[in-house]
Amino acid sequence: MGSGKQKRVIPGTTLFDGDMARKGYALNKMCFSFNSADNRAAFLTDKEGYCDKYGLNAEQKAAVLSLQVLDMLAAGGNAYYLAKLGGIFGLDMQDIGAQQTGVTKDEFKAKLVAAGRR
Amino acid sequence: MAKIVGGINVTHVPYIGRAIANNLQQDPYWKPFFDGFPPVHQWLAKVKPDVAVVIYNDHGLNFFLDKMPTFAVGAAAEYSNADEGWGIPTLPPYIGDQDLSWHMIDSLVEDEFDIVTCQEMLVDHAFTLPLELFWPGQHPCPVRTVPVCVNTVQFPLPTAARCFKFGQAIGRAIESWDTDARVVVIGTGGLSHQLEGQRAGFINKEFDMMFMDKLVTDPLWVTRYSVPELVELTGTQGVELLNWLTCRGALSGDVTKVHGNYHIPISNTASGLLAMQVA
C-alpha cells in the first residue's frame, strides 16, 4: 500500500494523507462514533469487543487498549478523532502532548508558555 | 447589493467553550485572550452586520473520512451544534440565511468552485465559539449565518493560493447578492499549533506575527508556501490559517486593521485575533 511518491519529511510529524486515511479508517471510524454518549459508555463496558465491532487490526487494538497515542498515530489515527477517545479518559491536549513528547504535563505546559516569550 | 463590512479571524480552541461556560474570562490564564475582544465588540456595534459567513474546518462532527469535501457550503434554515465527544457544552442552534446560501452556491459554481452543498449540517466548535466570542451571551446569535467548511483535516488540502481565490469568489458572491444586507466574513482556527507526534506543542511566534501583519497588507505573501511547508512552519493544525486566508480573500479594495490580539498559549495553541475593515 502507498502512493509511492516521495513525501516531505517533517521530523516528529505525520501528514494525515491518503495512505494514513486508508490505513487508519477503522480506528478513526471507531473514534468518530464517540460523538455519542451511548457509544462512549459501550466502549467503556467492553473495550476489546467495541474495537472488534469496528474491525480494528491488532496494531490498532493494542494501541487503543494501552492508550499509547504515538502508536495510534502510527496505526493511522488522526488527531481530531483520537481526541474523542482521549476525552473518554478525561485526557486534555496537555496530557496527550506530554505523553507523546515524553515529559510531564507541567513540563509540557512550561514549554508552551516559553514559546510565548521567545 | 449586499455590503461586506469586513472580516474577523480568530482561533477556535474547544476549551474556550468551557471557559465561557464557567465564566473564566477574567481568570489569569484566560484574561489575555478574552481581553482582546472588547474592541471587536465595539467595531461590530458600529458596522452592524446582518449576516456572518463563517469559514472554518470541521473536526469530525458533521464530516467524517467517509465523505470529505474540500469546500462545503451550508444551505440550511438552522444549524445545530452537538456533542463533539470531548466534554465541552453544546450550544443552542444558529439561524441560517438560505437566500444568501443559495446565491453563494449559484455564484461559486458559476465561478468554477464546485462546492458541496449541505441542507443539513451540524456545526462544531470551530463555527460556534467564534460567534460566542463576538456576540457573547446572545442566544440566538444576532446575525444570520452561512457556514463554509474547508478541509484542513485530510491531505491533500487546498493550496493557499486556491483558498485565497475561493475567498475572492465568496466576496464576489456576497457583493452580487441583490439585497441591502451587511455581511461580515469570519475565518477561524490557528494560529501555530500541533497536537500530534513527537513535535506536539510546536509553536512559531515569529511566523504568526509575520502572517498577521502580511494578511492585512499583502495576503498573497503566504501563498508562496506549499501546504507541507505551512505544516512545517506552523504545525499540523496551524495550517488552519488557510481559513484566515480564505476570509481575507473575500475582502477587496482598501483593507485596514481594526484590532489584533495574539497570546501564547491557549491550550496548545498560539491564539490569534484579527479584525479588518473594508473602506
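Small disclaimer: the values here were computed from a predicted structure and weren't measured. Order of the sequence lines fixes the chain letters, A, B, ..., with proteins taken first and strands second; residue numbering starts at 1 for each chain.
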Name all residues meeting the side chain to side chain contact (heavy atoms under 4.5 Å, CB included) criterion together with B:I264; count only those two or more places apart in sequence or in a different chain, and write none if there are none.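 Side chain to side chain contact (heavy atoms under 4.5 Å, CB included) check on B:I264 returns A:A115, B:I203, B:K205, B:Y262, B:A270.
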Under the side chain to side chain contact (heavy atoms under 4.5 Å, CB included) test, which residues partner A:Q94, sequence neighbours left out?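 Only A:D92, A:K105, A:F108, A:K109, A:L112, B:S267, B:N268 meet the side chain to side chain contact (heavy atoms under 4.5 Å, CB included) criterion with A:Q94.
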[atom1]-[atom2] distance between [X] and [Y], expressed to the nearest 0.5 angstrom:
X	Y	atom1	atom2	answer
B:Q154	A:Y80	CD	OH	12.5 Å
B:F155	A:K7	CZ	NZ	11.0 Å
B:W86	A:L85	CH2	CG	12.0 Å
A:M93	B:E196	CE	CD	8.5 Å

Which one of B:H263, B:E206, B:E229 has the most heavy-atom pairs closer than 4.5 Å to chain A?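 When all of B:H263, B:E206, B:E229 are compared, B:E229 has the most.
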Mind ranking B:V231, B:V153, B:V13 by heavy-atom pairs under 4.5 Å with chain A and telling me who comes out on top?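 Sorted descending by pairs with chain A, the first entry is B:V153.
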So what's closer than 4.5 Å to chain B heavy atoms on [X]: side chain, backbone, both or neither?
X	answer
A:T14	backbone
A:V113	both
A:N78	side chain

Any idea which of A:R40, A:R117, A:K111 has the most non-hydrogen atom pairs under 4.5 angstrom with chain B?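 Counting heavy-atom pairs under 4.5 Å, the top option is A:R40.
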Tell me, out of A:G87, A:A83, A:A98, who's got the most heavy-atom pairs with chain B below 4.5 Å.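 The answer is A:A83.
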Please name all residues satisfying salt bridge (Lys or Arg N to Asp or Glu O under 4.0 Å) with A:K61, sequence neighbours left out, ordered by chain then number.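 Scan of A:K61 (salt bridge (Lys or Arg N to Asp or Glu O under 4.0 Å), adjacent residues dropped) gives A:E48, A:D52.
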Of the non-hydrogen atoms in B:A200 and A:G97, which two are nearest, and what is the gap between them?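 Minimum heavy-atom separation between B:A200 and A:G97: CB-CA, 4.2 Å.
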Where is the tightest heavy-atom contact between B:R199 and A:P11, given as atom of each residue plus distance?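 Scanning both residues completely, I find the closest heavy atoms to be CD-O, 3.5 Å.
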Proximal to chain B - members of residues 29-39 of chain A, heavy-atom separation under 4.5 Å: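 Expected list: A:K29, A:F32, A:F34, A:N35, A:A37.
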With a cut-off of 6.0 Å (strictly less than), are more than 12 heavy atoms of other residues, nucleotides or ligands near CD of B:Q25?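 Atom CD in B:Q25 is crowded, with more than 12 foreign heavy atoms closer than 6.0 Å.
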Please look at [X] and chain A and tell me whether the side chain, the backbone, both or neither of the residue comes under 4.5 angstrom of a heavy atom of that chain.
X	value
B:D124	neither
B:D208	neither
B:L61	both
B:P156	neither
B:Q194	side chain
B:Y29	neither

Does the side chain of A:T101 reach to within under 4.5 Å of the side chain of B:Q198, using non-hydrogen atoms?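 Answer no - side chains too far apart.
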Side chain proximity check, B:D66 to A:Y25, heavy atoms < 4.5 angstrom: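 Yes, their side chains come closer than 4.5 Å.
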Between B:D83 and A:K84, does any side-chain N to carboxylate O distance fall below 4.0 Å?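 Salt bridge between B:D83 and A:K84, a charged N being under 4.0 Å from a carboxylate O: no.
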Has the side chain of A:Q100 got a donor or acceptor atom that lies under 3.5 Å from a matching backbone atom of B:L195?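 Looks like yes, one N/O pair under 3.5 Å.
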Set out, in order, the CA-CA distance, both residues' side-chain angles and the distance that settles side chain to side chain contact (heavy atoms under 4.5 Å, CB included) for A:Y81 and B:L65, then state yes or no. CA-CA 10 Å; A:Y81 307 111; B:L65 304 173; 3.6 Å; yes
